[in-house]
Amino acid sequence: MAKRALISVFIKDGILDLAKFLINHSWEIISTGGTAAHLKQNNIPVTDVSSVTHFPECLDGRVKTLHPVVHAGLLARRDDPAHMSKLSELQIETIDLVCVNLYPFFTKVQEGLPFSETVEFIDIGGPTMLRSAAKNFKDVLVLTDPADYIEAMNEIEKGAASFDFRRKLAGKVFNLTSAYDAAISRFMLGSTGENEFPPYYTEPFVLSQSLRYGENGHQRAALYLTADRKGAFGGMKQLQGKELSYNNIRDLDVAWKAVCAYNKFVKNTQSVDGTTFTASGESVFTVALKHNTPCGAALGATVLESYNRTFECDPVSIFGGIIGVSTVVDKAAAEVMVKTFLEVIVAPGFTDEALEVFSAKKNLRLIVAEQMAAETHDYMAVDGGLLVQSRDDVLFEKWEIVTHAKPTQAQIDEMAFGMTVALFAKSNAIVIVQNRAAIGIGCGQTNRIWAAEQALERAHTVSKNAGRPNAEVLVSDAFFPFSDCVEKAAEYGIKAIIQPGGSIRDQESIDACNRLGIAMVFTGTRHFKH
């Protein structure tokens, strides 16, 4: 008895070659709808599925392969006499190969179609056939990926596909259908409100690229992107340079999120509890990243000015760093950037003249980011589990001046700028700001006074080297547990402090500020970054 293949594909790539091969090897092809028409147009004989099931397609094509004749032919175990006897009794023939790919729900769900239209792209018959064939993979070859067609033909040519190959194909089925179902689940439930944390947490990710190694050379790694929504990485294009490494990607992610945070929280005029802060007309933001935390950030009227001021924050750590810029990088900035070894520059674009300058640095990775960071949740793997949290996307919950001294408008603007940098500095984090530049960043320390000392000393050095007085504004990502940070800040000339508040010892810090003539604002919003 001739073997039979059921072919029903949305993606037609490679299907004619596979079908011709099967016909040449005396297989019968069963097909449906558009696939059947495509094969017939190319002179490939096809048996329509309705002539096998003796049941017409109905309900606008919703029901065509959902039939016992199809699934019995797929699920019957060839080594089980009872199964084969039942097929004979029911006059059902086996189906020995299934080639199916699914309605493009991943892409359609991103198009913003009305709910009723999107639902129509949920494939039911395809996944059902795939799952039946995959369960009985010892007897049925199951293909979902055109990349597997050639290997499948080679296996058939040898006479019988190996167990390992069949099992691999079956595994790919469940890998695909689990992601497909996850996308549908997310679409149906949404990802906020009461459905923000459903009983089972599933996310549809698709392999974007395999990486040369992970965080260290002995670790394996890959980059996956969300299949059902286009995040910032889905809208990035690499224009030149070596392949991105695992660490490059981690830093690139934070650099672009910092740019997006500046655009969201500071670039446009904001108001909290009647207090307004603005970018004061300076529209270009640049941030430098090293080891997943900022080592400098600054505003400027041009990309060149913004970059130079960022460089000045820490000329040592920026070496081998990642740069994020909020606007198109021009030739003037490029000519200065190439003087320092940088790993990656990410920006909304690069002028042709800038690209010509950068071309001299063949290994420098240039990334165009076309989309703002928009993911709503953060994820962190733990051994045997996953931590999920909503993204830290509220800069200030309130603006409460808790001291006798009041911050000036200039200090208020510095505070807002500095907190957007503190968002991305590892806790404990202290940021010293001067003229909208983060000239001192203390981060990753196990106590806050050490972070403050680190940031204040660094800022003092930068100001001294530039011939300027010490900075006046200190930003803290979390509350002060003691008054020691205030007292240390006063030693370096700090005049205004912004912090969340919330410590049982808040009054000690307030009293210290009042005694030392420092203005302090409580925001009510902590920004730990572990």
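If you're wondering where the values come from, they're calculated on a predicted model, not measured in any experiment.
When every heavy atom of Thr420 is checked against every heavy atom of Leu423, the shortest pair comes out as O-CB, 3.6 Å. Nearest heavy atoms, Tyr149 versus Gly14: CD1-O, 3.6 Å. Summarising the geometry of Leu102 relative to Gly126, their closest heavy-atom pair is CD2-C, 3.8 Å, with the distance given to 0.1 Å. When every heavy atom of Phe358 is checked against every heavy atom of Met337, the shortest pair comes out as CZ-SD, 3.8 Å. Here the shortest heavy-atom pairing between Leu395 and His527 reads O-NE2, 2.9 Å. Scanning both residues, Val368 and Gly349, for their nearest heavy atoms gives CG2-CA, 4.2 Å.
Counting heavy-atom neighbours within 6.0 Å of Arg167 CZ, excluding the residue itself, gives a total of 12 or less. Within a 6.0 Å radius of CG in Leu113, other residues, nucleotides and ligands contribute more than 12 heavy atoms. For Lys138, the NZ atom is loosely surrounded, since the number of other residues' heavy atoms within 6.0 Å does not exceed 12. No more than 12 heavy atoms of other residues, nucleotides or ligands sit less than 6.0 Å from atom OH of Tyr224. Dense packing is recorded around CD of Glu117, with more than 12 heavy atoms of other residues, nucleotides or ligands lying under 6.0 Å away. For His291, the NE2 atom is loosely surrounded, since the number of other residues' heavy atoms within 6.0 Å does not exceed 12. Within a 6.0 Å sphere centred on CZ of Phe174, other residues, nucleotides and ligands contribute more than 12 heavy atoms. Summarising the local packing, CD of Gln91 is surrounded by 12 or fewer heavy atoms from other residues, nucleotides or ligands at distances under 6.0 Å.
Ring-plane geometry between Phe105 and Phe187 is classed as perpendicular, the angle between the planes exceeding 60 degrees on a 0 to 90 degree scale with a lower cut at 30. Relative ring orientation between Phe285 and Tyr262 is described as parallel, the plane-to-plane angle staying below 30° on a 0-90° scale split at 30° and 60°.
Atom CD1 of Ile30 is separated from atom CD of Glu93 by 8.0 Å, given to the nearest 0.5 angstrom. Atom CZ of residue Phe528 and atom NE2 of residue His530 lie 5.5 Å apart, to the nearest 0.5 angstrom. Distance check: Leu18 CG to Asp148 CG gives 11.0 Å after rounding to the nearest 0.5 Å. Of the inter-residue distances, the one linking Ile184 atom CD1 with Met188 atom CE reads 7.5 Å to the nearest 0.5 angstrom. Here the OG1-CD distance, from Thr376 to Glu196, works out to 7.0 Å after rounding to the nearest 0.5 Å. Distance check: Arg212 CZ to Ser245 OG gives 6.5 Å after rounding to the nearest 0.5 Å.
Not a single donor-acceptor pair under 3.5 Å links the side chain of Glu215 to the backbone N or O of Tyr246. Between the side chain of Lys290 and the backbone N or O of Ser317, at least one donor-acceptor pair lies under 3.5 Å. A donor-acceptor pair under 3.5 Å is formed between the side chain of Tyr180 and the backbone N or O of Tyr103. Side-chain N or O atoms of Glu370 include none that pairs as donor or acceptor with a backbone N or O of Gly234 at under 3.5 Å. Proximity of a side-chain donor or acceptor of Asp96 to a complementary backbone N or O of Val140 within less than 3.5 Å is not detected. Looking only at distances, a side-chain donor or acceptor of Asn24 sits under 3.5 Å from a matching main-chain atom of Lys20. Here the side chain of Arg166 pairs a donor or acceptor atom with the backbone of Ala161 at under 3.5 angstrom. Looking at His83, its side chain does come within 3.5 Å of a backbone N or O of Arg77 through a donor-acceptor pair. Using modelled atom types, one side-chain atom of Ser31 and one backbone atom of Ile7 make a donor-acceptor pair closer than 3.5 Å. Although no hydrogens or angles enter the test, the distance criterion places a donor-acceptor pair under 3.5 Å between the side chain of Asp139 and the main chain of Arg78.
Taking 4.0 Å as the cut-off between side-chain N and carboxylate O, Arg391 and Asp378 count as a salt-bridged pair. Ion pairing between a basic and an acidic side chain is recognised when a charged N comes within 4.0 Å of a carboxylate O; Lys172 and Asp145 show such pairing. Using a 4.0 Å cut-off between charged nitrogen and carboxylate oxygen, Arg186 and Glu203 count as a salt-bridge pair. Residues Arg229 and Glu375 are paired through a salt bridge, judged by an N-O separation under 4.0 Å between the basic side chain and the carboxylate.
Side-chain atoms of Tyr213 and His218, non-hydrogen and from C-beta on, never get closer than 4.5 Å to each other. Taking 4.5 Å as the limit, some side-chain heavy atom of Phe165 sits within range of a side-chain heavy atom of Leu169. Between Tyr307 and Ile323, the closest side-chain pair of non-hydrogen atoms falls below 4.5 Å. Side-chain contact check for Phe424 versus Val287: every heavy-atom pair is 4.5 Å or farther apart. Side-chain contact between Leu252 and Ile367 is present, with at least one heavy-atom pair separated by less than 4.5 Å. Side chains of Leu299 and Val284 form no contact here, defined as non-hydrogen atoms less than 4.5 Å apart. Looking at heavy atoms from C-beta onward, Phe233 lies out of side-chain contact with Thr226 at the 4.5 angstrom threshold. Between Phe21 and Glu157, the closest side-chain pair of non-hydrogen atoms falls below 4.5 Å.
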Full working for side-chain contact (heavy atoms from CB on, under 4.5 Å) between Leu141 and Leu143: CA-CA 7 Å; Leu141 272 175; Leu143 295 167; 5.5 Å; no
Pair Ser132-His71, side-chain hydrogen bond (donor to acceptor under 3.5 Å, both in side chains): steps then yes or no: CA-CA 7 Å; Ser132 292; His71 290 278; 2.9 Å; yes
Audit row: Lys168, Glu151, salt bridge (Lys or Arg N to Asp or Glu O under 4.0 Å) steps and yes/no: CA-CA 12 Å; Lys168 180 185 79 170; Glu151 188 174 1; 3.2 Å; yes
side-chain hydrogen bond (donor to acceptor under 3.5 Å, both in side chains) between Ser427 and Asp477, intermediate numbers included: CA-CA 7 Å; Ser427 296; Asp477 68 335; 2.5 Å; yes
Derivation and outcome, side-chain hydrogen bond (donor to acceptor under 3.5 Å, both in side chains), residues Thr286 and Thr310: CA-CA 7 Å; Thr286 299; Thr310 300; 4.6 Å; no
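When each of Arg250, Lys242, Arg365 is tested with Glu343 by the rule salt bridge (Lys or Arg N to Asp or Glu O under 4.0 Å), just one qualifies, namely Arg365.
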